[in-house]
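Structure first, then comments.
By convention in this document, chain letters (A, B, ...) are assigned in the order of the sequence lines, proteins followed by strands, and residues within each chain are numbered from 1.
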There are 2 protein chains.
Amino acid sequence: MDWEEQLSQAGWRITTPRRVVMQVLEQAARPLSPQEIHARGHRLHRSLGLVSVYRALAALERAGLVRRVHREDRCNSYVLASPGHHHLLLCRRCGRTVEFPGTEDLSSLIAQVEQQTGFRVEDHLLQLVGLCAPCRNL
Amino acid sequence: MDWEEQLSQAGWRITTPRRVVMQVLEQAARPLSPQEIHARGHRLHRSLGLVSVYRALAALERAGLVRRVHREDRCNSYVLASPGHHHLLLCRRCGRTVEFPGTEDLSSLIAQVEQQTGFRVEDHLLQLVGLCAPCRNL
DNA sequence: ATGTATGCAAACGATTTGCAGGCGA
DNA sequence: TCGCCTGCAAATCGTTTGCATACAT
């Protein structure tokens, strides 16, 4: 199932701004802010408005096609999201992003925390930051 | 070592706004935004300015006394931080926050990811979200 | 005494909303 | 055709900065 189908099945229309945002993110080598997406998308579709980028990102995020990236300072950048549950690994130097699966590695930690705290854990936010292989040698 | 000593040793002065922010966070049952901290702190210290809350939070965060909380939407709330490395567990209903240690539970996951990706992992962001024991029964 | 920290006002930047028209299904 | 979606302008919200004064050390 490609992303257009997935977006459509989630009840959203396939429109030019959404296509442009997806195309920009597909070609991006790192997480991009709405402004950056707009700047790049504007070259592909002259009449693209910044507001539409925000609204496209909201729709795409709700459909599970893009994911917001959290950093210590700004949390307003986006990357493409693969289907299923993934975590993000970011290079702090070049911004490169790698996804890795999944929930399994956390399950024993979660079980332990649930037992100790009485919480029922429903979701989690995990992101690793480091240096990618090329950047390690600079 | 109490927090004033810790702040002082980090090279910051002990001032009324910083004391008020710490006092508000000590009494808080959940993460608070700068605006919320200001509203509560203003009752304790009438001349407290919102700007000073922002600057106090920046100082306290750099000194390791408070920690920013990341949520799917807003990432601008703060909680008291215990010394050392901890992760956060949030109740999605009442906002209650619990810390749990540490790095150890992630070390095998991190080693695995490093091997698979070539990254050197330096830091991580982990937050769990769920329902605390009281809220589970509502 | 010295330089940091404060409070205010204003600047600033990011995100959201109202609205009239356009386009996807 | 119908209603979601777009682009624009303006409103809104959170955060930062400039500056004169006050306070911690």
Please give, in whole Å, the distance from C:dA14 C1' to A:L32 CG?
-> 16 Å
Which whole-number value in Å describes the distance from B:M22 CE to C:dA5 C1'?
-> 18 Å
For residues 54-74 of chain A, the ring pair (Phe, Tyr, Trp, His ring centres under 6.0 Å) pairs (sequence neighbours left out) are A:H70-B:H70
Within this structure, what is the CD-to-C1' distance between A:E36 and C:dT15, rounded to whole angstrom?
-> 16 Å
Atom NE2 of B:H38 and atom P of C:dT6 are separated, to the nearest Å, by 13 Å
May I ask you to decide whether B:R18 forms a salt bridge with B:E4, counting only side-chain N to carboxylate O separations under 4.0 Å?
-> no
Verify whether the ring centers belonging to B:H124 and B:H85 lie closer than 6.0 Å.
-> yes
Residues in ring-ring contact (aromatic ring centres under 6.0 Å, His included) contact with A:H45, at least two apart in sequence or another chain = none
Atom CG of B:D73 to atom C1' of C:dT15: distance rounded to whole Å?
-> 13 Å
Is the phosphate of C:dA14, meaning OP1 or OP2, less than 4.0 Å from a side-chain N or O of A:N76?
-> no
The reported gap from CD1 in B:I37 to OG in B:S52 (rounded to nearest 0.5 angstrom) is 12.5 Å
Below 3.5 Å between N/O atoms, which protein atoms pair up with nucleotides 1-7 of chain D? Just atom names and distances, please.
from, atom 1, to, atom 2, distance (Å)
D:dG3, N2, A:R13, NH1, 2.8
D:dC4, O4', A:R13, NH2, 3.3
D:dC4, O2, A:R13, NH1, 3.2
D:dC5, OP1, A:R13, N, 3.4
D:dC5, OP1, A:R18, NH1, 3.0
D:dC5, OP1, A:R18, NH2, 3.4
D:dT6, OP1, A:T15, OG1, 2.7
D:dG7, OP1, A:S47, O, 3.0
D:dG7, OP2, A:G49, N, 3.4
D:dG7, OP2, A:S52, OG, 2.1
D:dG7, O5', A:S47, O, 3.3
D:dG7, N7, A:R55, NH2, 2.8
D:dG7, O6, A:R55, NH2, 2.9

When the distance from OH of B:Y54 to P of D:dG14 is rounded to whole Å, what number comes out?
-> 7 Å
Please give, in whole Å, the distance from C:dT15 C1' to A:R68 CZ?
-> 10 Å
Rounded to whole Å, CD of B:Q9 lies from P of D:dT25 at a distance of 13 Å
Within 6.0 angstrom of B:Q115 CD, more than 12 heavy atoms from elsewhere | no
